[in-house]
Amino acid sequence: MKIAIAGAGAMGSRIGLMLHQAGNEVVLIDRWPDHIKAIRENGLIGEFEDHKVTAHLPIYSPEEIVDGHANVDLIVALTKSMQLEAMFQDIQPIIGEKTFVFCLLNGLGHEETLAKFVPKENIIFGTTTWTAGLAGPGHAKLIGSGSIEMENLAPQGKAFTLEVLEVFQQAGLNPIYSSNVRYSIWKKACINGTLNGLCTILDCNIADFGSLSIARNLIESIVGEFAAVAEAEGIELNQSQVIQAIEATYDVNTQGLHFPSMYQDLIRNHRKTEIDYINGAVWQKGKNYQINTPYCAFLTQLIHGKEELLKAK
Ligand code: NAD
């Protein structure tokens with residue numbers, strides 16, 4: 001399959017590399033000049049737990065995507081949420097009539113953004129438990145294993161989605177065809193909507209947050225807001241199941257000692273966060289449904305305040 005990875009940061013590098021290793025024709029598209037330069041000069045380095053690989057994959061900036069690159073069968077969207085719209089504006093020349101887009105970003109509201117560029121019948125949504133990090137430009141750290149849930153947005157997209165599932169299966173990405181991917185997306189957003197922002201503002205890891213006397217109350221309040229807005233969108237979030245999933249991460253033997261990705265982006269690397277697509281999306285959607293979401297509103301503004309203080313880019 002001819003596949004473009006739109007947003008070849010940590011996760012885009014992982015998925016792109018694994019699809020390439022399985023024999024697909026993979027093109028990377030990214031905006032970070034140092035990353036493009038490093039991959040062009042030295043290839044993309046993928047550092048797995050027990051081995052290192054170097055893949056000489058073509059990489060372009062979105063501005064370099066012109067008609068000459070021909071249409072691709074599939075575009076895997078893996079920008080950060082706030083970069084998605086600009087990316088798809090720029091890569092329109094590779095979106096043909098038959099091109100499918102598979103959105104694997106975290107967060108809410110991407111359906112509306114992608115629908116501006118691609119018909120709903122050609123959109124696949126997913127969530128993943130794979131993780132990845134960047135040690136530097138052109139160098140991805142690919143620890144651990146994971147799986148990917150996927151489902152077509154419109155019934156007409158099912159046949160091609162099953163082809164994509166097969167391709168991801170061959171690449172060892174452990175895909176699962178989901179019967180309700182929107183539920184999984186909301187559930188993941190809700191988990192991220194608690195631990196990401198709270199650990200970032202409180203400057204602590206997940207276990208330290210979990211040990212606080214206020215942890216349960218904060219979690220219940222935020223999950224309650226997500227559930228109320230999700231219900232208005234036709235999704236019945238099981239609040240106790242979500243709270244259980246959040247509290248399971250406090251264990252120091254699993255994820256407890258981990259600092260959430262928002263913490264790493266903002267506090268360690270002074271990079272802007274995806275808060276507007278997590279708690280911020282619930283706040284904005286809540287306004288439309290006249291549902292009050294004071295915890296999400298407050299947390300969104302605190303994170304933006306921290307971004308300003310740290311001059312995040
Ligand atoms: P990322 O920050 O690694 O990459 C996103 C973009 O930022 C890329 O274009 C990348 O080149 C650029 N970038 C990265 N580091 C940079 C730097 N230091 N300076 C300038 N530009 C830089 O993002 P990601 O972690 O790959 O996440 C992409 C999407 O996948 C997000 O929606 C995220 O929430 C989701 N996701 C990530 C993980 C993970 O483990 N990383 C897991 C599941 C889902």
Side-chain angles (χ1 to χ4, degrees), residues 1-62 64-65 69-81 83-84 87-88 91 94 99-106 124-150 160-161 163-176 261 264-265 269 271 274:
M1 195 173 273
K2 187 162 183 186
I3 303 168
I5 308 287
M11 274 307 274
S13 294
R14 166 179 291 278
I15 305 285
L17 195 54
M18 290 175 76
L19 289 168
H20 161 77
Q21 287 180 312
N24 297 285
E25 195 182 330
V26 175
V27 177
L28 307 177
I29 307 169
D30 203 77
R31 245 182 239 286
W32 185 14
D34 294 349
H35 195 48
I36 295 175
K37 185 168 178 277
I39 293 174
R40 283 186 180 158
E41 284 174 5
N42 310 314
L44 171 64
I45 299 166
E47 196 179 329
F48 294 88
E49 256 137 7
D50 48 2
H51 68 290
K52 220 182 204 181
V53 297
T54 301
H56 293 277
L57 291 173
I59 180 161
Y60 301 100
S61 72
E64 288 172 322
I65 294 296
H69 291 291
N71 298 343
V72 292
D73 303 310
L74 179 71
I75 301 172
V76 182
L78 268 166
T79 61
K80 288 283 201 200
S81 298
Q83 303 165 331
L84 184 66
M87 171 64 81
F88 273 79
I91 64 168
I94 54 161
T99 307
F100 268 67
V101 173
F102 181 16
C103 179
L104 266 174
L105 276 71
N106 280 333
I124 306 169
F125 261 85
T127 64
T128 179
T129 59
W130 288 97
T131 61
L134 283 177
H139 185 166
K141 286 216 152 195
L142 307 174
I143 310 297
S145 182
S147 60
I148 294 179
E149 261 187 62
M150 58 172 79
F160 189 76
T161 304
E163 280 183 43
V164 173
L165 189 116
E166 180 63 31
V167 165
F168 275 58
Q169 182 70 49
Q170 282 162 9
L173 284 158
N174 305 329
I176 302 156
S261 59
Q264 296 179 39
D265 280 342
N269 299 319
R271 296 185 64 213
E274 295 183 295

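Values in this document were obtained by computation on a predicted structure and should not be read as measured data.
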Undergrad: Carefully, step by step, assess His35 and Leu134 under the rule side-chain contact (heavy atoms from CB on, under 4.5 Å).
TA: CA-CA 10 Å; His35 195 48; Leu134 283 177; 4.1 Å; yes
Undergrad: Give me the atom names and distance for the closest heavy-atom approach of Phe88 to Ala77.
TA: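 For Phe88 versus Ala77, the nearest heavy atoms are CE1-CB, 4.0 Å.
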Undergrad: Taking Asn24 for its side chain and Val26 for its backbone only, find out whether a donor-acceptor pair lies under 3.5 Å.
TA: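 No; zero donor-acceptor contacts below 3.5 Å.
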Undergrad: Can you name the closest pair of heavy atoms from Ser61 and Ile36 and give their distance?
TA: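 Heavy-atom minimum between the residues: CB-CD1, 3.8 Å.
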Undergrad: Main chain of Gln264, side chain of Asn269: is a donor-acceptor contact present, judged purely on distance under 3.5 Å?
TA: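 Yes; judged by distance alone, with no hydrogens or angles, the pair exists.
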Undergrad: Quick one: CG on Leu104 to OG1 on Thr79, what's the gap to the nearest 0.5 Å?
TA: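 Going from CG on Leu104 over to OG1 on Thr79, the span is 11.0 Å.
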Undergrad: Using atom types as modelled and distance alone, determine if a side-chain donor or acceptor of Thr99 lies under 3.5 Å from a backbone N or O of Val72.
TA: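 Between the backbone of Val72 and the side chain of Thr99 there is a qualifying donor-acceptor contact (under 3.5 Å).
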Undergrad: Could you name each residue pair satisfying side chain to side chain donor-acceptor pair (under 3.5 Å) that touches residues 4-22, not counting sequence neighbours?
TA: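 Not a single pair qualifies under side chain to side chain donor-acceptor pair (under 3.5 Å).
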Undergrad: Write down the atom of Met11, the atom of Thr131, and the distance for their closest heavy-atom approach.
TA: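 That would be SD-C, 3.8 Å.
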Undergrad: Could you measure the distance from the CD1 atom of Ile5 to the CG atom of Leu17? Nearest 0.5 Å is fine.
TA: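 So the gap between those two atoms works out to 10.0 Å.
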Undergrad: Step by step, work out the side-chain contact (heavy atoms from CB on, under 4.5 Å) result for Ile15 and Ile3.
TA: CA-CA 11 Å; Ile15 305 285; Ile3 303 168; over 6 Å; no
Undergrad: Hey, what do you get for CE (Met150) to CG (Leu165), rounding to the nearest 0.5 Å?
TA: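 One gets 5.0 Å once the value is rounded to the nearest 0.5 Å.
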Undergrad: Could you tell me which non-hydrogen atom of Gly43 sits nearest to which non-hydrogen atom of Thr54, and how far apart they are?
TA: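 Minimum heavy-atom contact is CA-CG2, 4.1 Å.
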Undergrad: For a quick test of reading the model, state the closest non-hydrogen atom pair linking Ile39 to Gly138 and the distance between them.
TA: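 Distance-wise, the nearest heavy atoms are CG1-CA, 3.8 Å.
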Undergrad: If we ignore hydrogens and angles and just use 3.5 Å, is the side chain of Thr129 paired with the main-chain N or O of Ser147 as donor and acceptor?
TA: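 Pair found, side chain donor or acceptor close to backbone of Ser147.
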Undergrad: Do Asp73 and Glu163 come within less than 4.5 Å of each other through their side chains, counting heavy atoms only?
TA: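 With C-beta onward as the side chain, the pair stays apart.
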Undergrad: Return yes if some donor-acceptor pair links the side-chain N/O of Trp130 with the main-chain N/O of Leu173 below 3.5 Å, else return no.
TA: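 Yes, because the side chain of Trp130 sits within donor-acceptor range (under 3.5 Å) of the backbone of Leu173.
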Undergrad: Quick one: pull up CD in Glu274 and CD in Gln83 and give me the separation to the nearest 0.5 Å.
TA: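 Output value for this atom pair is 8.5 Å.
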Undergrad: In Å and rounded to the nearest 0.5 Å, what is the NZ to CD1 distance from Lys37 to Ile59?
TA: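 The distance works out to 13.5 Å.
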Undergrad: Using the ring pair (Phe, Tyr, Trp, His ring centres under 6.0 Å) rule, pick out the option among Phe160, Phe125, Phe168 that qualifies with Phe102.
TA: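 In the set Phe160, Phe125, Phe168, the residue that makes a ring pair (Phe, Tyr, Trp, His ring centres under 6.0 Å) with Phe102 is Phe168.
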Undergrad: Would you give the length of the straight line joining atom NZ of Lys2 to atom CG of Leu74, rounded to the nearest 0.5 angstrom?
TA: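 Interatomic distance, Lys2 NZ to Leu74 CG, rounded to 0.5 Å: 12.5 Å.
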Undergrad: Using modelled atom types only, decide if a donor and an acceptor are shared between the side chain of His139 and the backbone of Ala38 within a distance under 3.5 Å.
TA: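 A pair under 3.5 Å: no.
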Undergrad: Can you name the nearest heavy-atom pair linking Leu28 to Ala8, along with the distance?
TA: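 Where Leu28 meets Ala8 most closely, the heavy atoms are CB-CB, 3.9 Å.
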